**Q** 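Please find one structure pasted underneath; my questions will follow.
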Number of protein chains: 4
Amino acid sequence: MFILTDLVNGITIELTDMVNGLGILRAKGAFRMFAKFLRLDSEKQDRIVNAVMKEFAQKGYERASTNEMVKEAGISKGLLFHYFQNKKQLYLFLVDYCYDMVVAEFYKKIDLTEPDFFKRIREAVHIKMEMLTQYPDIFKFMEEAFLEDAAEIKPELEKKKREMTDINMGKFFEGIDYSKFRADVDLKIVLKIITFTFEKMSEEVLYKAKFAPGHEINYAEIRQEAEQYFDVLIKCFYH
Amino acid sequence: MFILTDLVNGITIELTDMVNGLGILRAKGAFRMFAKFLRLDSEKQDRIVNAVMKEFAQKGYERASTNEMVKEAGISKGLLFHYFQNKKQLYLFLVDYCYDMVVAEFYKKIDLTEPDFFKRIREAVHIKMEMLTQYPDIFKFMEEAFLEDAAEIKPELEKKKREMTDINMGKFFEGIDYSKFRADVDLKIVLKIITFTFEKMSEEVLYKAKFAPGHEINYAEIRQEAEQYFDVLIKCFYH
Amino acid sequence: MFILTDLVNGITIELTDMVNGLGILRAKGAFRMFAKFLRLDSEKQDRIVNAVMKEFAQKGYERASTNEMVKEAGISKGLLFHYFQNKKQLYLFLVDYCYDMVVAEFYKKIDLTEPDFFKRIREAVHIKMEMLTQYPDIFKFMEEAFLEDAAEIKPELEKKKREMTDINMGKFFEGIDYSKFRADVDLKIVLKIITFTFEKMSEEVLYKAKFAPGHEINYAEIRQEAEQYFDVLIKCFYH
Amino acid sequence: MFILTDLVNGITIELTDMVNGLGILRAKGAFRMFAKFLRLDSEKQDRIVNAVMKEFAQKGYERASTNEMVKEAGISKGLLFHYFQNKKQLYLFLVDYCYDMVVAEFYKKIDLTEPDFFKRIREAVHIKMEMLTQYPDIFKFMEEAFLEDAAEIKPELEKKKREMTDINMGKFFEGIDYSKFRADVDLKIVLKIITFTFEKMSEEVLYKAKFAPGHEINYAEIRQEAEQYFDVLIKCFYH
DNA sequence: TATGAATGAGTTTTCATTCAT
DNA sequence: TATGAATGAAAACTCATTCAT
């Protein structure tokens, strides 16, 4: 699922695993400790998730205030800690929660029967841009989450990141027709280079968006830029 | 100087500037406000720099405690602020200070008369690895610095990052013989893809190092891996 | 209510407003932001108010230490800020709180049906002295408050002072029989002179009390002194 | 010298002493402890006095920073403390220093042969206003000084204030022709009332100036207002 | 399940004063 | 006489977490 994670955050992923199509099965019971929260009616769940996401997205892990969250969500201090034990768990829960939403949505839309590598990537880029427009808050939060540096949560977060990418990579690459690639170079390396290229391209887009006046993303321009890369990569890596 | 910054931190750089070989001269007087500190005997300077770097590297900007720094450095509370005014200036000073050391060292070693792009990159990778071994703390701090997300320092830090990359790009690309590249594709895009590849490769190295047991970096393996990339890139992008 | 404010602090008041008998109704909801505090049982409220008042009265706004206050009140650091947000709000709250107590008490005692100006003033002086004896701490605090010079709170404090005097002036002057005053001089100026006289007299009393050994106020003497002023003023300003 | 102190600061003065024409002789050796400073060439003295005055006037005793003073004066930290021992002494020295300047100037200008009480007061008001225009910084500092509330310096300051007023009162009242006052009331009380009136009037002027937009003092208006008081007071207190 | 008052160690920063040079 | 680096206690304020109700 590199196209997803990459446009969101640009993590370096385990290409070896990816290409091999392997993945660790995600611990299904990860949400067990938040069972109380997940039993709430979904209106309240949403209110809480949105309030928490907003605060974390705006201020980052350290500076985010649980006081603000409960104020915004309209619940009491104690209740937040009743559901999530502590700030760290709350954060990690939210990362999972958002990621699950986004991934599920992505795979509903992507056509996994398209065998051409570049066509599939092109579609992924487009889906990604659509979703960015549709759920800007979630993406803002996830982007921050993957950049998050705070010492306290780093180890758990890194583990989570790896789990996520590992799980989804294989699925994305299913059914690709690798016979179109030139045979005189190492295919794994070629795939890595292509992946790297689109990851970095996405990072640039986010980076520019962040510092451009108005912070507006010009999607048409991105598609055009992506086409330039497709052109070079196809000419050089297909035979 | 992308190989340096990239191995350290993987920033997205302005390729247009890079390819044009332009660079803004760095403001020489940037250290004037830390004159008091720089007048100290170097033993004390080092003690302070190391203590501060250690704390920032371990905990990031927000969580790093000036209390811990002075305790570690064996100086008084007031003195730190006497030299650096406040936490933010202290941080930004340290970024500059480390960057200057690293860049100066890098350009002492790199051979800028080598006209072959890949040979020059290969040498840069090797120099980088040498330096990583020699000054692991500085690199750890700089890596964290470039990932740093803290709201308070972000604007200044981003400005600094761009200055740094802009200044050094041109120098690294001086005298490269571009005639060896194939003519049927856009050279700018090709150079971007190559740059992206080595940036991502470096990120992977750091990433693995961080989560490997013992955090040991196997440099022989990295060189070997880099050679695989050189092989593909040369075959596909040279004519 | 000039006799009150004046004995406490000697502010210069807007005689025009005073003579016109106008007054702005005081915003009743001013205490809303301290609702948490006001919901406490009164024993604790008193403990806190007294501790805070003592510290501010002794040291003035700037030098007063919130640390000392919580120590004296036997509450935690955080709690004080939970109730009052910050030092400034705490101070302004206390000014209001004390002022309200004092004013309410004063108007319970003063006879507003007495039409003779000097008789009413005479009673006010006596009431004032009674209250000074009964609540010395509150008066000490308010006196300091009205002299307070600290840059941070000055603007709000001055606004508060004016509000207070404006509101109460009219009430005190209601129903006075001005026909007894001589007609050949400007009545407004005459009333100002009388007001000034008792204000300054009160200032002198406080001033002497402060520097007399033992800080004892001799009320009998003050009454006697006041009578000397009444004698002169009546002879000169009544026809 | 009530007209002076009063326009500056409105202190309550010992009218009994004043009327009796008594005064404690000022301790001539008060400056002995600042002998080192007074031996400096006057250019340097002025530089220091002005820098210190500026900082105290702007920020009040507590918030004034000795760092700012030495920076502004262009001397070293140590030197300031060499001359003045500590902040408190520095402040008290400055109060004396300024007061001496102002009083000397005032008595150079006032005509002590004018026997009419109101004419002399009228002249004093005018001189005062002239001086306010000529030395605004000194007056600003002295005004702040007399309002100053900081616990640490209060006792010494109050003592100084009393000394000052006591010393100068007698001089101002020398040669007044008291026979013009009506004989049926206590003269001491009458003089007190008159003094109070001009003191309070001045306080009002300063007060209004402080909160008027632009903080400009309209001297013509003040003279006119003073004339209204003269009119009433003469009519009522002269026979 | 839900509340929100209470905690207290923690934070960065300031500043008068000292003292070796 | 003159310097300014060095001190360290003190300041206001924060905030995740607990716990009695």
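What you see is a predicted model; the values in this text were computed from it and never measured. In the text below, chain A, chain B and the rest are named by the order of the sequence lines, each starting its count at 1.
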**Q** Would B:K54 and B:Q58 count as a side chain to side chain contact (heavy atoms under 4.5 Å, CB included) here? Give the steps.
**A** CA-CA 6 Å; B:K54 185 178 163 188; B:Q58 270 175 16; 3.7 Å; yes
**Q** Rounded to whole angstrom units, what separation is found between the CD atom of C:E62 and the C1' atom of F:dA10?
**A** 14 Å
**Q** Look up atom OG in B:S76 and atom NE2 in B:H82, then write down how far apart they are to the nearest 0.5 Å.
**A** 9.5 Å
**Q** For DNA chain E, find the residues of residues 68-86 of chain D with a heavy-atom distance under 4.0 Å and give them by number; none if there aren't any.
**A** D:K77, D:F81, D:N86
**Q** Side chain of C:K87 only, heavy atoms from C-beta on: which candidate in F:dC13, E:dA16, F:dT1 is closest?
**A** F:dC13
**Q** Calculate the interatomic distance between C:Y91 atom OH and F:dA12 atom P; express it in whole Å.
**A** 14 Å
**Q** Please state whether the phosphate of E:dT14, meaning OP1 or OP2, lies under 4.0 angstrom from any side-chain nitrogen or oxygen of D:N67.
**A** no
**Q** In Å and rounded to the nearest 0.5 Å, what is the CE to CD1 distance from B:M101 to B:I138?
**A** 3.5 Å
**Q** Between atom CZ in B:R63 and atom C1' in F:dA16, what is the gap in whole Å?
**A** 11 Å
**Q** Can you tell me how far P of F:dT17 sits from CD of A:Q89, to the nearest Å?
**A** 10 Å
**Q** Any side-chain to backbone donor/acceptor pair from B:E55 onto B:E68? Under 3.5 Å, distance only.
**A** no
**Q** What is the nucleic acid contact for B:K44, judged by heavy atoms within less than 4.0 Å: base, sugar-phosphate only, or nothing?
**A** sugar-phosphate
**Q** Once you apply a heavy-atom cut-off of 4.0 Å, does D:R39 come out as touching a base, just sugar-phosphate, or nothing?
**A** nothing
**Q** Between P on E:dT1 and NZ on A:K36, what's the gap in Å once rounded to a whole number?
**A** 6 Å
**Q** Enumerate the residue pairs fulfilling salt bridge (Lys or Arg N to Asp or Glu O under 4.0 Å) with a member in residues 74-93 of chain B, sequence neighbours excluded, ordered by first and then second residue.
**A** B:K88-B:E156
**Q** F:dA16, E:dA5, E:dT12: which one has an atom nearest the side-chain heavy atoms of B:S65?
**A** E:dT12
**Q** Working to the nearest 0.5 Å, report the span between CD of D:E72 and CE of D:M53.
**A** 11.0 Å
**Q** Stems in DNA chain F: runs of 3 or more consecutive Watson-Crick or G-U pairs, distances under 3.5 Å?
**A** E:2-21 with F:2-21
**Q** I need the B:N50 CG to B:D137 CG distance, nearest 0.5 Å.
**A** 7.0 Å
**Q** Flag the pair B:I75 / B:R47 as yes when at least one side-chain heavy-atom distance between them is below 4.5 Å, and no otherwise.
**A** yes
**Q** In this structure, how many angstroms lie between the P atom of F:dA11 and the OH atom of C:Y61, rounded?
**A** 14 Å
**Q** Check the distance between F:dT1's C1' and D:F34's CZ and give it to me in whole angstrom.
**A** 19 Å
**Q** Any side-chain N or O of D:T66 under 4.0 Å from OP1/OP2 of E:dA16?
**A** yes
**Q** At what distance, to the nearest 0.5 angstrom, does OH of A:Y91 lie from CZ of A:F141?
**A** 5.0 Å
